[in-house]
Chemist: 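This is the structure I want to talk about, given as structure tokens.
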Amino acid sequence: MEWKKSFLDLTMVSLGFLATIVYHAWLWHKVRTQPYSTIIGTNVAGRRLWVLAIMKDNDKKNILAVQTIRNAIMSSTLMATTSILLCTSLAAVIGSTYDANKPLNKATIIDGGAHQHDEDEFMVAIKYFTLLLIFLFAFLFCSLSIRFLNQVNFLINSPQDSMAMVTPEYVSELLEKGFILNTVGNRLFYTALPLLLWIFGNGILRGTHHDQVMMRREMEEMGKMLVVSV
């Protein structure tokens with residue numbers, strides 16, 4: 001196997017993952033130190049106030065609470081369903097393309113739709129396996145998010161008294177866990193989208209991770225969002 005042919009692919013994908021990891025490390029630090037300068041920190045504070053208001057006046061707002069959480073569950077369900085469908089499709093492609101009883105030889109793929117060329121089969125298998133792994137984890141996180149949101153759906157309507165075990169702080173914590181898991185699942189799903197282009201060649205992959213990171217930064221910084229809205 002000639003690694004020189006795959007060196008550019010591995011380098012570009014590694015740099016793309018590195019840029020994504022560095023951005024999310026910076027975002028995590030930003031949320032921890034300056035939460036109200038990001039959309040994530042502002043939304044967390046808003047959801048805590050929302051839970052407090054719902055549970056304080058639950059007799060009048062219980063239907064609103066159930067409908068709102070149901071919408072969040074539907075969003076997580078959509079992402080989980082899409083992720084597992086893509087996993088099934090990739091597994092079907094891998095199973096129909098590669099024979100586990102035969103050694104890895106050469107595979108023929110279409111690069112840019114213009115011509116065909118031989119590429120190392122091991123490299124093609126890495127591409128499919130990477131996508132399959134990312135979509136599996138996206139499905140896992142979205143499924144766990146649904147579990148927490150379902151618990152909130154029950155607990156947010158629990159009666160409040162002096163001896164109540166279910167407090168607004170506890171419900172807010174469960175709600176935040178559900179939204180964090182949903183966010184992680186969504187971001188894994190979006191990270192895999194540029195890798196889908198990687199199957200058709202490294203030329204299409206150039207710059208997609210960088211553009212995605214820059215777009216996320218523009219959308220998630222509170223100051224820039226205020227400037228855009230004005």
Chemist: Find out whether R217 and W26 are in side-chain contact, i.e. whether some heavy atom of one side chain is under 4.5 Å from a heavy atom of the other.
Modeler: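 R217 vs W26: side chains touch.
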Chemist: Are F139 and M79 packed together at the side-chain level, in the sense that at least one heavy-atom pair is separated by less than 4.5 angstrom?
Modeler: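 Contact flag for F139/M79 side chains = no.
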Chemist: Transitively linked via ILVMFWY side-chain contacts under 4.5 Å: I40 with F189?
Modeler: no
Chemist: Between L132 and F137, is there shared hydrophobic-cluster membership here, with clusters defined by ILVMFWY side-chain heavy atoms closer than 4.5 Å?
Modeler: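 Per the 4.5 Å side-chain linkage, L132 and F137 are co-clustered.
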Chemist: Excluding sequence neighbours, so at least two apart, what forms salt bridge (charged side-chain N to carboxylate O under 4.0 Å, His left out) with R147?
Modeler: none
Chemist: To the nearest 0.5 Å, how far apart are CD1 in I69 and CZ in F154?
Modeler: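 Between atom CD1 of I69 and atom CZ of F154 there are 11.0 Å.
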Chemist: Do M55 and K61 have side chains that get closer than 4.5 Å, going by heavy atoms?
Modeler: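 No. Closest side-chain heavy atoms not under 4.5 Å.
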Chemist: Return the minimal non-hydrogen interatomic distance between Y36 and T42, and the atom names on each side.
Modeler: O-OG1, 3.7 Å
Chemist: Are T68 and W50 side-chain neighbours, meaning at least one heavy-atom pair lies under 4.5 Å?
Modeler: yes
Chemist: Between CG of D57 and CG of L64, what distance do you get to the nearest 0.5 Å?
Modeler: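 Rounded to the nearest 0.5 Å, the CG-CG separation comes to 10.5 Å.
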Chemist: Within a strict 4.5 Å, meaning less than it, do heavy atoms of the L52 and R48 side chains meet?
Modeler: no
Chemist: How many angstroms lie between atom CD1 of I134 and atom CZ of F17, to the nearest 0.5 angstrom?
Modeler: 4.0 Å
Chemist: Applying the 4.5 Å side-chain criterion to the ILVMFWY set and letting contacts propagate, would L193 and L131 be lumped into a single cluster?
Modeler: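 Same hydrophobic cluster.
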Chemist: Measure the spacing between CG of N186 and CG of L78 and express it to the nearest 0.5 Å.
Modeler: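 Output value for this atom pair is 9.0 Å.
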Chemist: Does N150 reach the main-chain N or O of I146 with its side chain, forming a donor-acceptor pair under 3.5 Å?
Modeler: yes
Chemist: Listed by chain and number, what are the salt bridge (charged side-chain N to carboxylate O under 4.0 Å, His left out) partners of R47, not counting sequence neighbours?
Modeler: E176
Chemist: Answer yes or no: is there a donor N or O on one side and an acceptor on the other, between the side chain of S145 and the main chain of G178, under 3.5 Å?
Modeler: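 Yes, S145 side chain to G178 backbone: donor-acceptor pair under 3.5 Å.
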Chemist: Going hydrophobic residue to hydrophobic residue with side-chain gaps under 4.5 angstrom, can you get from L140 over to L85?
Modeler: no
Chemist: Report yes or no: does S76 contribute a side-chain atom to a donor-acceptor pair with the main-chain N or O of I73 at less than 3.5 Å?
Modeler: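 No; judged by distance alone, with no hydrogens or angles, the pair does not exist.
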Chemist: Can you give me the closest heavy-atom contact between R216 and Y190, atom names plus distance?
Modeler: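 R216 and Y190 have their closest heavy atoms at NH2-CB, 3.4 Å.
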Chemist: Quick one: list whatever passes side-chain hydrogen bond (donor to acceptor under 3.5 Å, both in side chains) with Q151, sequence neighbours left out.
Modeler: none
Chemist: Given the rule that I, L, V, M, F, W and Y join up when any side-chain heavy atoms are under 4.5 Å apart, are F179 and L27 in one cluster?
Modeler: no
Chemist: Could you list all the salt bridge (charged side-chain N to carboxylate O under 4.0 Å, His left out) pairs where at least one residue sits in residues 179-195, not counting sequence neighbours?
Modeler: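 Listed once each, the pairs are R187-E220.
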Chemist: For the CG atom of L144 and the CG atom of N182, what is their distance to the nearest 0.5 Å?
Modeler: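 If I round to the nearest 0.5 Å, the distance is 11.5 Å.
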Chemist: Only pairs at least two apart or in different chains count here, so list each salt bridge (charged side-chain N to carboxylate O under 4.0 Å, His left out) that has a residue in residues 66-87.
Modeler: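 Of all non-adjacent pairs touching residues 66-87, none passes salt bridge (charged side-chain N to carboxylate O under 4.0 Å, His left out).
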Chemist: Rounded to the nearest 0.5 Å, how far does CG of L155 lie from CG of L175?
Modeler: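 The CG atom of L175 sits 11.0 Å away from the CG atom of L155.
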Chemist: Do Y170 and T167 have side chains that get closer than 4.5 Å, going by heavy atoms?
Modeler: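 Y170 vs T167: side chains touch.
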Chemist: Is there a side-chain contact between F148 and I180 (heavy atoms, below 4.5 Å)?
Modeler: no
Chemist: Can you confirm whether L18 sits close enough to V22 that some side-chain heavy atom of one is under 4.5 Å from a side-chain heavy atom of the other?
Modeler: yes
Chemist: Considering all heavy atoms of both residues, which atom of G185 and which atom of C142 are nearest to each other, and what is their separation?
Modeler: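 Looking at all heavy atoms of both residues, the closest pair is CA-SG, 4.0 Å.
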Chemist: Holding to salt bridge (charged side-chain N to carboxylate O under 4.0 Å, His left out), I want the full list of residues that pass it with K177, two or more places apart in sequence or in another chain.
Modeler: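 Residues passing salt bridge (charged side-chain N to carboxylate O under 4.0 Å, His left out) with K177: E173.
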